[in-house]
Protein chains: 2
Amino acid sequence: MKATRKLSIEKISIAPAYKVVSQAIERQIMQGTIKAGDVLPSETALAEQLGVNRSTVREGIRLLEQNGLVRRRGGKKLFASVPHYHETAAHVSRAMVLHEVTFQELWETIMALEPVAAELAAERATEEEIAALEDNLERTRRSLANSESLTELDIEFHHLIARASHNRALLLAREPLSHLFYPAFYNVMSRLNAGERLFFAHDKILEGIRNRDPQTAKSWMEKHIVDFRRGYELANLDIHAQVEPSSLPLVAE
Amino acid sequence: MKATRKLSIEKISIAPAYKVVSQAIERQIMQGTIKAGDVLPSETALAEQLGVNRSTVREGIRLLEQNGLVRRRGGKKLFASVPHYHETAAHVSRAMVLHEVTFQELWETIMALEPVAAELAAERATEEEIAALEDNLERTRRSLANSESLTELDIEFHHLIARASHNRALLLAREPLSHLFYPAFYNVMSRLNAGERLFFAHDKILEGIRNRDPQTAKSWMEKHIVDFRRGYELANLDIHAQVEPSSLPLVAE
DNA sequence: CGTTGATTTATTGTCCGACAATCCAATCGT
DNA sequence: ACGATTGGATTGTCGGACAATAAATCAACG
């Protein structure tokens with residue numbers, strides 16, 4: 001940059017310039033100097049400001065881009081941005097797959113989160129959110145035969161509930177888990193023909209939410225999740241099997 | 001628009017080459033063609049294989065690098081890698097801060113996770129893990145006066161319990177939350193002098209774990225988390241305040 | 001023969017310059 | 001006022017260059 005502050009022969013590894021560039025911009029975004037939606041200077045301008053070459057700036061931008069802190073809109077301009085929750089969820093999903101998390105670990109965690117989500121949803125869901133849930137339920141009723149859409153509808157149902165909980169931390173924590181359940185869920189559904197039970201449980205949960213009855217919503221959600229595990233075992237699937245990456249793209253927006 | 005005689009299938013923008021490069025490598029890693037620890041070809045070799053320029057390869061590598069799918073060791077060689085859980089946690093933390101998650105949301109979520117973690121830890125903790133928890137407790141006892149170390153020790157305690165739960169999904173889900181609690185926790189500690197209560201609760205939780213008594217561990221953890229919230233309110237802090245970014249680095253390894 | 005030290009080679013990080021495609025904005029024609 | 005045109009700005013990609021340094025190779029030495 002400008003001042004040479006490298007007098008001491010510090011431990012090791014001065015960060016490469018592209019990383020410094022990325023961190024410099026990241027700091028400004030985190031501090032609020034740059035707000036989401038702001039358009040960033042052009043690459044050449046940044047290169048000049050930061051005193052590095054454009055190629056270096058580009059590499060720095062790639063880091064931010066992958067984080068979702070920055071994205072291109074309209075193909076040209078670079079905007080600061082808040083990471084979309086499904087990008088974040090995808091990161092976590094991938095990490096879990098690579099860490100070879102088992103179905104049981106997934107289940108234990110979702111079992112901790114979903115009932116709370118249902119409980120909070122019963123307290124806070126807006127009319128629109130309840131309508132969306134009812135729409136989902138209706139589509140579920142019409143898809144009882146089709147394992148594939150049933151699986152997608154179930155994932156959507158739980159996602160909608162998490163949204164209705166109005167708790168973004170919860171939403172962000174459960175999303176990657178839900179995503180990873182897809183393959184297991186599909187397996188259970190196509191082998192067990194458990195559509196009726198699923199519909200019934202969803203109906204009860206939604207009833208609890210509609211009636212602003214957190215306890216009902218919560219306990220039916222618990223039953224629902226427990227039931228799924230039983231189905232998993234009944235379908236002769238290995239509870240200690242590693243979760244597979246789901247090719248299903250995370251729900252958008 | 002359609003004045004040119006280009007084939008009309010041109011609508012969707014083709015992904016830039018650097019993204020294609022990144023995805024190509026990512027796919028190989030996810031499929032297991034490349035396993036964690038493998039050393040990747042040099043940039044020039046990759047450029048040749050993929051038929052693009054080295055600069056383009058570099059930009060692609062940056063994407064993977066930020067994801068933790070790939071990292072440099074010894075400053076030269078590029079290794080495939082599994083994302084470290086604290087990298088993933090940092091992603092999520094940042095996302096939550098930028099989404100302006102409130103303390104209440106954070107609390108509700110951690111309230112769902114921590115008791116389950118304690119419960120599972122009581123069932124599964126190894127002797128080493130229990131020893132580490134006891135060591136932590138002892139250090140806590142000696143730090144009752146110091147808010148700062150108390151905060152760090154508490155975070156470590158909960159992290160150790162999550163580890164002892166032997167559930168990596170749970171570990172990964174709760175880590176970013178725990179991290180974000182740091183500032184709030186420090187505030188409560190330094191205003192309320194609640195070290196004794198904290199120590200007492202930790203002691204009870206650990207007792208439950210040591211005695212392989214999941215219910216005790218779980219219910220004391222519940223009390224502990226509820227207690228923290230009460231402390232937060234007693235300290236006159238706003239439950240709906242946005243969480244701040246913690247400058248505390250995530251626990252390493 | 002194994003260890004150490006010197007030398008060569010390979011590779012990364014950074015820079016420079018170039019160019020086509022394309023988006024953006026200002027201008028122009030009507 | 002408004003649509004088309006044009007020209008500048010910007011991005012994505014390429015090619016090449018070079019210093020620094022990690023890795024590999026070889027030489028000397030005990």
Side-chain angles (χ1 to χ4, degrees), chain A residues 1-25 34 37-66 68-81, chain B residues 1-25 34 37-66 68-81:
Chain A
M1 301 286 156
K2 42 196 167 199
T4 56
R5 63 181 54 165
K6 289 184 3 185
L7 296 184
S8 57
I9 316 163
E10 282 306 319
K11 315 183 176 184
I12 31 171
S13 72
I14 32 183
Y18 64 85
K19 218 170 275 184
V20 176
V21 167
S22 136
Q23 284 163 356
I25 299 178
I34 303 177
D38 289 0
V39 47
L40 294 170
S42 74
E43 293 175 355
T44 32
L46 281 173
E48 205 168 330
Q49 285 179 33
L50 300 169
V52 296
N53 190 271
R54 184 162 82 98
S55 309
T56 307
V57 168
R58 297 195 105 239
E59 294 192 27
I61 290 179
R62 292 300 156 257
L63 300 180
L64 300 173
E65 191 173 308
Q66 188 64 17
L69 286 177
V70 124
R71 69 187 76 237
R72 302 219 103 94
R73 279 205 293 245
K76 272 300 196 250
K77 280 199 167 62
L78 190 66
F79 290 85
S81 152
Chain B
M1 295 295 165
K2 58 175 69 172
T4 58
R5 64 195 49 165
K6 273 183 164 182
L7 293 177
S8 60
I9 317 170
E10 209 70 30
K11 307 199 170 189
I12 312 173
S13 59
I14 22 174
Y18 64 84
K19 218 170 274 184
V20 176
V21 167
S22 139
Q23 284 163 356
I25 300 178
I34 302 177
D38 289 359
V39 46
L40 293 171
S42 73
E43 292 175 355
T44 35
L46 281 173
E48 204 169 331
Q49 283 179 35
L50 300 169
V52 297
N53 191 270
R54 185 162 82 99
S55 310
T56 307
V57 168
R58 298 196 104 239
E59 295 191 27
I61 290 179
R62 294 298 154 258
L63 299 181
L64 300 173
E65 189 173 309
Q66 188 64 15
L69 286 178
V70 125
R71 68 189 74 236
R72 298 221 108 90
R73 279 204 292 246
K76 272 300 198 255
K77 280 197 168 62
L78 190 66
F79 291 85
S81 152

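Reminder, nothing fancy here: chain letters follow the sequence lines and each chain counts from 1.
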Nearest whole Å is fine: how far is [N] [atom2] from [X] [atom1]?
X: A:Leu46; N: D:dT10; atom1: CG; atom2: P; answer: 11 Å
X: B:Phe79; N: D:dA22; atom1: CZ; atom2: P; answer: 14 Å
X: B:Asn53; N: C:dT12; atom1: CG; atom2: P; answer: 14 Å
X: A:Glu43; N: C:dC19; atom1: CD; atom2: C1'; answer: 15 Å
X: A:Ile61; N: C:dT14; atom1: CD1; atom2: P; answer: 15 Å
X: A:Glu48; N: C:dG17; atom1: CD; atom2: P; answer: 13 Å
X: A:Lys76; N: D:dT13; atom1: NZ; atom2: C1'; answer: 12 Å
X: B:Leu78; N: D:dA23; atom1: CG; atom2: C1'; answer: 15 Å

Inset, instruction - Looking only at side-chain atoms of A:Arg58, point me to the closest of C:dA25, C:dG13, D:dT11. - result: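 Selected nucleotide: D:dT11.
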
Inset, instruction - Look at the side chain of B:Ser42 and decide which nucleotide, out of C:dT11, C:dT14, D:dT11, has an atom nearest to it. - result: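 Between C:dT11, C:dT14, D:dT11, the one nearest the side chain of B:Ser42 would be C:dT11.
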
Within the 4.5 Å heavy-atom criterion, are [X] and [Y] side-chain neighbours or not?
X: A:Arg58; Y: B:Glu59; answer: yes
X: A:Leu63; Y: A:Tyr18; answer: yes
X: B:Leu78; Y: B:Ile61; answer: yes

Inset, instruction - Give one of base, sugar-phosphate or nothing for A:Arg73, where a contact means two heavy atoms less than 4.0 Å apart. - result: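 Result for A:Arg73 = nothing.
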
Inset, instruction - Scan B:Thr56 against the nucleic acid and name what it touches under 4.0 Å (heavy atoms): base, sugar-phosphate only, or nothing. - result: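 Contact class for B:Thr56: sugar-phosphate only.
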
May I ask you to evaluate whether [X] reaches the phosphate of [N], defined as a side-chain N or O under 4.0 Å from OP1 or OP2?
X: B:Lys77; N: D:dT21; value: no
X: A:Arg54; N: C:dC16; value: no
X: A:Arg72; N: D:dT11; value: yes

Legend entry - B:Lys19 and A:Glu65: CA distance, side-chain angles, deciding distance, salt bridge (Lys or Arg N to Asp or Glu O under 4.0 Å) verdict: CA-CA 11 Å; B:Lys19 218 170 274 184; A:Glu65 191 173 308; 3.6 Å; yes

Inset, instruction - Is it possible for you to check whether A:Arg73 lies under 6.0 Å from the centre of the six-membered ring of A:Phe79, through NZ or CZ, and within 45° of that ring's axis? - result: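 Pair A:Arg73/A:Phe79 counts as cation-pi.
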
